[in-house]
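Both counts, for ligands and for their atoms, begin at 1 and track the order of listing.
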Amino acid sequence: MSHGEPNNDQGAPDGTNATLSSPISPDGTPILDRTYEVPAREALAFRLTAGQTIRIVNTFGSQVADFWAFSEEDPREYLSMEHLRPSLKRMAPKAGDKLVTNRRRPILTLTTDTSPGVHDTLIASCDIHRYHQLGVDGYHDNCTDNLRMALLAIGRRAREIPCPLNLWMNTPPQPDGSIAWLEPVSKPGDSVDMRAEMNCIAVISSCPMDILPINGVDATPRALHVMVHA
Ligand SMILES: [Zn+2]
């Protein structure tokens with residue numbers, strides 16, 4: 001790990017971890033049906049061909065997955081939460097929903113969700129600034145840098161940091177307009193399947209948050225598992 005200096009390159013991480021040097025393959029192409037581990041506090045990028053299904057497994061039940069998807073052809077097009085919510089007229093997607101980009105085109109379809117379906121579409125990914133705000137001194141693994149590193153590891157670069165689909169994150173808006181910060185209601189082995197509607201690059205970060213209880217009451221980040229099926 002290093003504690004990077006501020007820079008003006010959106011694609012450059014503020015610090016690093018093993019994500020930078022452990023892609024699933026040089027260009028992110030997965031071996032179909034193989035189980036990949038996204039280690040606690042790290043991220044992996046997967047190159048998906050239209051029609052393939054990516055499964056994300058909450059192996060230990062309490063882990064939030066920050067999820068992004070970018071068009072393979074044009075990384076300026078990506079899964080966009082602020083375009084998704086009006087498309088669905090819901091706060092979070094459920095099985096059968098098409099997940100749209102900032103150009104309002106489906107990039108994935110959420111085909112199966114074995115969890116209670118509690119996911120967040122409102123909260124920015126954690127970053128070094130968030131941890132400094134929470135009192136951390138020096139570097140702390142974070143989902144924003146994980147996204148940057150997962151893309152760099154397959155020869156790509158983040159042009160921007162879209163709001164992620166925060167799978168299993170339980171931060172519901174309240175009737176009084178406030179947002180609650182709660183532990184996940186998912187159970188060990190719960191999974192979400194998403195079918196690619198266009199060639200795209202999906203990135204999954206096992207959120208390293210260990211201060212707030214969003215990764216469970218013990219605030220302990222854990223691994224996730226991912227498979228890609230034809
Ligand atoms: Zn995070």
- Query: If you draw a 6.0 Å radius around CG in D137, do more than 12 non-hydrogen atoms from other residues or ligands fall strictly inside?
  - Reply: no
- Yes or no on side-chain contact (heavy atoms from CB on, under 4.5 Å) for L99 and M194, after CA distance, side-chain angles and deciding distance? CA-CA 9 Å; L99 312 185; M194 289 179 276; 3.7 Å; yes
- Message: Quick test of your reading: applying salt bridge (Lys or Arg N to Asp or Glu O under 4.0 Å), list the pairs with at least one residue in residues 78-89, sequence neighbours left out, ordered by first then second residue.
- Response: none
- Query: Would you say R55's side chain and S191's backbone share a donor-acceptor pair under 3.5 angstrom?
  - Reply: no
- Keeping the roles fixed (side chain from Y36, backbone from I31), state whether a donor-acceptor pair exists under 3.5 Å. yes
- Query: Taking everything shown except R105 itself, do over 12 heavy atoms lie less than 6.0 Å from its CZ?
  - Reply: no
- Under 2.8 Å from the Zn ion (ligand 1), which protein N/O/S atoms are there? C126 SG, C143 SG, C207 SG
